[in-house]
Amino acid sequence: MTASLEQTRLLRTPLPGPRSQELMRRKTAAVSQGVAATMPVFAVRAAGGIVEDVDGNRFIDLGSGIAVTTVGSSAGRVVDAVTDQVAAFTHTCFMVTPYEGYVAVAEQLARLTPGDHEKRTALFNSGSEAVENAVKIARSSTGKDAVVVFDHAYHGRTNLTMAMTAKNMPYKHGFGPFAGEVYRAPMSYPFRDAAEVDGKLAAARAIGQIETQVGADNLAAIVIEPVQGEGGFIVPAPGFLAALAEWCRANDVLFVADEVQSGFGRTGTWFAVEHDDVVPDIVVSAKGIAGGLPLAAVTGRAEVMDAVHPGGLGGTYGGNPLACAAALAVIEILETEGLLARAREIEARLLGRLGDLRQRDSRIGDVRGRGAMIAAEFVDPATGNPDGALAKAVAAHAHSQGVIALTCGTWGNVIRFLPPLSISDELLDEALDIVAAGLEQVS
Ligand SMILES: *Cc1c(COP(=O)(O)O)cnc(C)c1O
């Protein structure tokens with residue numbers, strides 16, 4: 001993967017530098033404070049594993065713009081494909097005069113998503129919008145209303161997806177009332193779930209609650225992240241997803257995998273459900289799908305997707321030609337550059353380093369994840385209680401040293417490692433050294 005930007009970390013100014021400070025003053029004066037930023041620095045260029053700011057500082061990227069730039073932030077093929085498309089035409093609206101790129105993305109998704117049944121796809125602009133449409137489709141095709149989601153879930157910030165998201169602050173607080181017919185079931189969370197570590201038992205617990213509190217006859221779909229993202233990179237115990245999917249099949253309930261964060265190569269397979277041999281009825285993709293251009297997809301069984309009346313799905317920009325051109329390039333890069341295997345290499349490296357750190361420091365309660373979606377959960381060693389302040393302090397140290405590190409988790413006590421697959425081992429190791437030094441310093 002070519003990266004025109006020098007692949008080294010560099011701090012040229014104290015952070016934030018003078019130009020970023022000036023831009024931050026303008027941001028404060030012009031942009032709603034509701035739109036916050038993790039780092040107080042403004043980007044000008046990004047490539048490989050580096051983001052450069054307006055003051056010439058270069059940061060190691062452990063965030064990929066929240067799991068989006070899996071192939072890098074300026075991958076050559078994506079740039080070329082989008083450049084060609086922008087010169088040809090920027091938009092016609094697929095619902096007015098369709099174009100090939102949209103159809104080609106749908107064909108690729110039929111090939112890449114789990115299962116060899118006949119499939120159809122509809123394209124949208126954001127993960128939230130796609131999740132909403134998955135629910136619309138599930139309701140339309142089953143004739144039922146209720147939707148089940150899980151503890152720690154994150155499905156977006158629109159009205160329906162706020163109802164589906166678990167965490168109040170900052171996603172829901174003050175923004176209600178929320179959409180109805182959304183019910184929450186217990187998740188399998190092996191690290192905090194001592195009584196139900198077995199995936200089948202955890203599924204039975206969830207199913208029991210669904211049967212008594214909702215009823216399969218009222219339930220259109222369960223929507224679940226195969227590896228939870230914002231909720232803390234929670235990987236359910238083996239067998240949990242498969243048992244839920246089996247129950248869905250037996251009860252005319254659709255199994256919807258929200259793969260917005262975990263999909264598109266991020267976990268070392270095209271989709272994270274593949275690790276559990278689950279074939280969902282509907283798969284939702286977004287984030288990593290188009291190398292940073294806004295695109296999201298709902299891909300499902302042909303009979304489910306085609307149950308919707310003509311004209312029932314769509315949107316002005318959904319499947320915009322620039323985003324489709326980018327997605328086709330991303331798929332080509334992932335396939336021809338062996339990036340799924342690269343994700344598994346990154347997994348081994350991160351799990352190895354973080355596992356060693358956990359051996360030496362009992363404040364790291366758990367290290368988990370798949371592929372280039374790895375997390376460390378911080379706890380108070382005496383009680384096992386979540387230590388959000390520690391995660392925040394370690395992330396702040398990383399930021400101050402030129403590493404873009406993100407936290408997550410219901411209690412904010414998880415640091416997540418989401419590097420682009422285009423990052424070098426050297427940058428990854430350097431970033432891990434800095435995180436480790438941060439942990440030492442905070443003690
Ligand atoms: C980010 C995310 C969403 C929402 O996607 P947006 O593009 O931000 O609307 C939905 N589900 C999951 C699992 C996500 O990580």
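The basis for the numbers below is simple: all heavy atoms, side chains too, and nothing from hydrogens, waters or symmetry mates. Values in this document were obtained by computation on a predicted structure and should not be read as measured data.
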What residues, two or more places apart in sequence or in another chain, satisfy salt bridge (charged side-chain N to carboxylate O under 4.0 Å, His left out) together with [X]?
X	answer
E52	R45
R111	E335
R192	E377
R342	E345, D425

Can you pull out every side chain to side chain donor-acceptor pair (under 3.5 Å) where at least one residue sits in [range]? Sequence neighbours excluded, please.
range	result
residues 288-308	R120-D306, T121-T299, D281-R301
residues 122-131	N125-E129
residues 231-243	none
residues 56-66	T8-R58, T13-N57, D53-N57, S64-R266

Donor-acceptor contact below 3.5 Å, side chain [X] vs main chain [Y]:
X	Y	value
E274	F271	yes
S422	G48	yes
S285	A296	no
R184	M164	yes
S73	T69	no
K144	A220	no

Taking the inter-plane angle between the rings of Y102 and Y99 on a 0 to 90° scale, is it parallel (under 30°), tilted (30 to 60°) or perpendicular (over 60°)?
perpendicular

Looking at [X], I'd like to know if its [atom1] atom is crowded, meaning that more than 12 non-hydrogen atoms belonging to other residues, nucleotides or ligands lie closer than 6.0 Å.
X	atom1	answer
K392	NZ	no
K200	NZ	no
Y317	OH	no

Which residues share a side-chain hydrogen bond (donor to acceptor under 3.5 Å, both in side chains) with T165, sequence neighbours left out:
none

Atom [atom1] in [X], atom [atom2] in [Y]: separation rounded to 0.5 Å?
X	Y	atom1	atom2	value
S140	L313	OG	CG	8.0 Å
I364	D387	CD1	CG	11.5 Å
L351	R368	CG	CZ	11.5 Å
L340	T267	CG	OG1	8.5 Å
T410	I234	OG1	CD1	6.0 Å
N168	M162	CG	CE	11.0 Å

Are the side chains of [Y] and [X] in contact, using a 4.5 Å heavy-atom criterion?
X	Y	value
R416	I374	no
I346	L428	yes
M187	I224	yes
P226	H275	no
K27	F42	yes
N413	L390	no
L219	I210	yes

Can a side-chain donor-acceptor contact be found between E132 and T158 if the only test is distance below 3.5 angstrom?
yes

Under a 3.5 Å cutoff, is there a donor and acceptor pairing between the side chains of E230 and Q261?
yes

Contacts of F417 that satisfy ring pair (Phe, Tyr, Trp, His ring centres under 6.0 Å) - sequence neighbours left out
none

Going by an N to O cut-off under 4.0 Å, is there a salt bridge joining E332 and R77?
yes

For residues 78-97, please give each side-chain donor-acceptor pair under 3.5 Å, one per line with the distance, not counting sequence neighbours.
unit_1: T83; atom_1: OG1; unit_2: V79; atom_2: O; d: 2.5
unit_1: Q85; atom_1: NE2; unit_2: F89; atom_2: O; d: 2.9
unit_1: H91; atom_1: NE2; unit_2: C93; atom_2: N; d: 3.4
unit_1: T92; atom_1: OG1; unit_2: T97; atom_2: O; d: 2.8
unit_1: T92; atom_1: OG1; unit_2: T97; atom_2: OG1; d: 3.3

Hey, can you pull the donor-acceptor pairs under 3.5 Å for the side chains in residues 246-256, sequence neighbours left out?
unit_1: W247; atom_1: NE1; unit_2: E211; atom_2: OE2; d: 2.9
unit_1: N251; atom_1: ND2; unit_2: W247; atom_2: O; d: 2.7

Taking all heavy atoms of P114 and all of V273, pick out the closest pair and write down the distance.
CG-CG2, 3.7 Å

Regarding K172 and the six-membered ring of F178, is the cationic atom NZ or CZ under 6.0 Å from the ring centre and inside 45° of its axis?
yes

